[in-house]
Amino acid sequence: MAKGFTKRKENYSEWYNEIVNRADLAEHSSVRGCMVIKPYGFAIWEKMQSILDKMFKKTGHTNAYFPLFVPKSLFEAEEKNAEGFAKECAVVTHYRLMNDPEKKGKLMVDPKAKLEEELVVRPTSEAVIWNTYKNWIQSYRDLPILVNQWANVVRWEMRTRLFLRTAEFLWQEGHTAHETKEEALEETKTILDLYAEFAEKFMAMPVIKGVKTESERFAGAEDTLCIESLMQDGKALQAGTSHFLGQNFSKAFEVKYANREGKQEYPWASSWGVSTRLMGALIMTHSDDNGLVLPPELAPFQVVLVPIYKGEEQREIVVNKLKNIKNALENEGISVKLDDRDTHKPGWKFAEYEFKGVPVRLAMGMRDVENESIEIVRRDTLEKKSYDMHDLAGKVKNLLKNIQENLYQKAIDFREEKTHFVDSYEEFKSILDNEGGFIYAHWDGTSETEDAIKKETKATIRCIPIDEDTKEGECIYSGKHSARRVIFARAY
RNA sequence: CGGGGUGUAGCGUAGCCCGGUUAUCGCGCCACGUUUGGGACGUGGAGGCCGCAGGUUCGAAUCCUGCCACCCCGACCA
């Protein structure tokens, strides 16, 4: 049991904050709204990055890098996009500091160093990128362009929470240009599927693929697709988005290409991204009242080895044994940390790695040395067993696979339990207040109704799910005709 | 940005109303010794511009003003 650790039921957001802090994932920096991602937390992000990066490459994408600053004139070119982000932009107005003549040792902004044109710190990169694509695209032969960048962006949020919403965050943003509308749409869907696969296979987090309503759509997009996941407190979290941008940006930046008949046309675009917010999603999907729980596919190390001994002589015997085991496991592709520090007792280490969510712990003492055995504990169930040493690596490998599957299944079961089909507004409100979760309900398709429901209940339409129930019905709010059920929830 | 709250050692805190010795306690940290199968114990030690800047006063963690940061509730949001 983790000492002095808030339980989920007592105070969910406190529980979340404590996990982030105590598991060494991240901390608040001295910069307003910005976080420091600590090595253990960053290691998880790096794993996400490396897996996603491989997936992008495999689907034909390449990486590039575009500038952090966007001249205001470029930023405002696509009107809707600019409007949508205007309220949360950091802006650079000067390029030099000087010594403050009134206060010794202090600096001030040099009033003579005012920029002729302000620079917007990118909240997203469509503007710079499409301004660049203008030079890259002349002919259909230059298409498609399938580029991704790993970058930081800044959105000046009023209220921030580590990983879930920070003023600066890390993400990847893909920006593609295509000859036809169909190709761009296809790309948008390909990436959505890729994100869903990543979430389910690697994060062990089930997601629902859907389309955003007009009011939830990305500023400047024709259509926004998303993957939505459900957190343990019954709130929804958008885990990734993929936008079909139509010709909005190519027109705004006057990007044209000669088609196969030699006629000038505007290319079709998509953009898509996932961010360090996935870290928050990962935490809130699996972790429990004993701390962080990590799926083996994303754990910085999958197995921790803890020696138990009395005296230097025993220590040497046990640690040597564990070093051999470490090699054997690593040869099977398992990532292992051997904690042979003499400065902490085994019990302390058990508690520590449990809190940090390490999937499997192996502990060995003299008793095990004599019996040719080893103690094994899995983090997801905290089940403790003794293994004999025969084919240990094979057993651990199976166990890791089993943990990964178990976490996914548990998350699916939870989501199913928290998914409701509702036909009256009264029931809708009562479920929101008492249970939370995804609510499938009929909606008349108007923004007015959507807004009214949001105002009254704080619930939003998370998405219009793809490939699901498309039976008609009556809107729970207005009673008007509804083409199909959509998913409502309170959200992060 | 509006309403409410909080800033004291790395973390959690006492003291603040009612100004006055060397700023309290726990965890953590350092040294030594005993320990080591679920967060060890003893002894000794280090660590503070009491959020920042002004002001009142013989004297400020304490009173006043301004600013900053963080937390909760709204508006906004990946």
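The chains referred to below are lettered A, B, ... by the order of the sequence lines, with proteins before strands, and numbering in each begins at 1.
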*Asks:* Could you give me the stems involving RNA chain B, meaning stretches of three or more consecutive Watson-Crick or G-U wobble pairs whose two defining distances are both below 3.5 Å?
*Replies:*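 For RNA chain B the paired stretches long enough to count as stems (3 pairs minimum) are B:1-7 with B:68-74, B:10-12 with B:25-27, B:29-34 with B:40-45, B:51-55 with B:63-67.
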*Asks:* Testing the 3.5 Å rule here: is there a donor-acceptor pair between the side chains of A/Y16 and A/N21?
*Replies:*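 Their side chains do not contain a donor-acceptor pair, so the 3.5 Å distance test is not met.
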*Asks:* Side chain of A/F169, heavy atoms from C-beta onward: which of B/G37, B/A78, B/G39 has the nearest atom to it?
*Replies:*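 Side chain of A/F169 sits closest to B/A78.
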*Asks:* Are side-chain heavy atoms of A/W272 and A/Q172 found at a separation under 4.5 Å?
*Replies:*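 Touching, per the 4.5 Å side-chain cut-off.
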*Asks:* Which nucleotide in the set B/G74, B/G38, B/C70 lies at the smallest distance from any side-chain heavy atom of A/E354?
*Replies:*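 Closest of the options to the side chain of A/E354: B/G38.
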*Asks:* Would you mind telling me which of B/G39, B/C72, B/U36 lies closest to the side-chain atoms of A/W348?
*Replies:*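 Selected nucleotide: B/G39.
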*Asks:* Nearest to the A/R155 side chain among B/U36, B/A78, B/G39, which nucleotide is it?
*Replies:*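 For A/R155, the side-chain atoms sit closest to B/A78.
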*Asks:* Looking at A/F355, I'd like to know if the NZ or CZ of A/R22 sits under 6.0 Å from its six-membered ring centre while staying within 45 degrees of the ring's axis.
*Replies:*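 Checked: cation-pi criterion met.
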*Asks:* Would you say B/G74 has OP1 or OP2 under 4.0 Å from some side-chain N or O of A/K458?
*Replies:*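 Looking at the OP1 and OP2 atoms of B/G74, one of them is under 4.0 Å from a side-chain N or O of A/K458.
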*Asks:* The side chain of A/K345 is closest to which nucleotide in this list: B/G38, B/U35, B/A78?
*Replies:*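 Output: B/U35.
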*Asks:* Can you tell me how far P in B/C25 sits from the matching atom in B/C67, rounded to whole Å?
*Replies:*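 Approximately 37 Å lies between the P atom of B/C25 and that of B/C67.
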*Asks:* So which nucleotide from B/U36, B/A78, B/C70 ends up closest to the side chain of A/H28?
*Replies:*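 Side chain of A/H28 sits closest to B/C70.
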*Asks:* Using the P atom as the point on both nucleotides, what is the distance between B/C41 and B/A78, in whole Å?
*Replies:*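 Between the two P atoms, the distance is 49 Å.
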*Asks:* Please tell me which of the listed nucleotides, B/A78, B/C76, B/C29, lies nearest to the side chain of A/R277?
*Replies:*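 Looking only at side-chain atoms, A/R277 lies closest to B/A78.
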*Asks:* Less than 4.0 angstrom from a charged side-chain N to a carboxylate O is my criterion; do A/K57 and A/D53 meet it?
*Replies:*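 Judged by the 4.0 Å cut-off on N to carboxylate O distance, A/K57 and A/D53 do form a salt bridge.
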*Asks:* From C-beta outward on A/R22, which listed nucleotide comes closest to its side chain: B/G37, B/A78, B/G39?
*Replies:*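 Per side-chain heavy atoms of A/R22, the pick is B/G39.
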*Asks:* Taking A/R490 first and then A/D433, would you say they form a salt bridge - that is, a charged N and a carboxylate O separated by under 4.0 Å?
*Replies:*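 A/D433 and A/R490: salt-bridged.
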*Asks:* Does the side chain of A/T224 come under 3.5 Å of the side chain of A/E216 through a donor N or O and an acceptor N or O?
*Replies:*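 Their side chains do not contain a donor-acceptor pair, so the 3.5 Å distance test is not met.
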*Asks:* OP1 or OP2 of B/A40 less than 4.0 angstrom from a side-chain nitrogen or oxygen of A/H344, does that happen here?
*Replies:*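 No, because none of the side-chain N or O atoms of A/H344 sits under 4.0 Å from OP1 or OP2 of B/A40.
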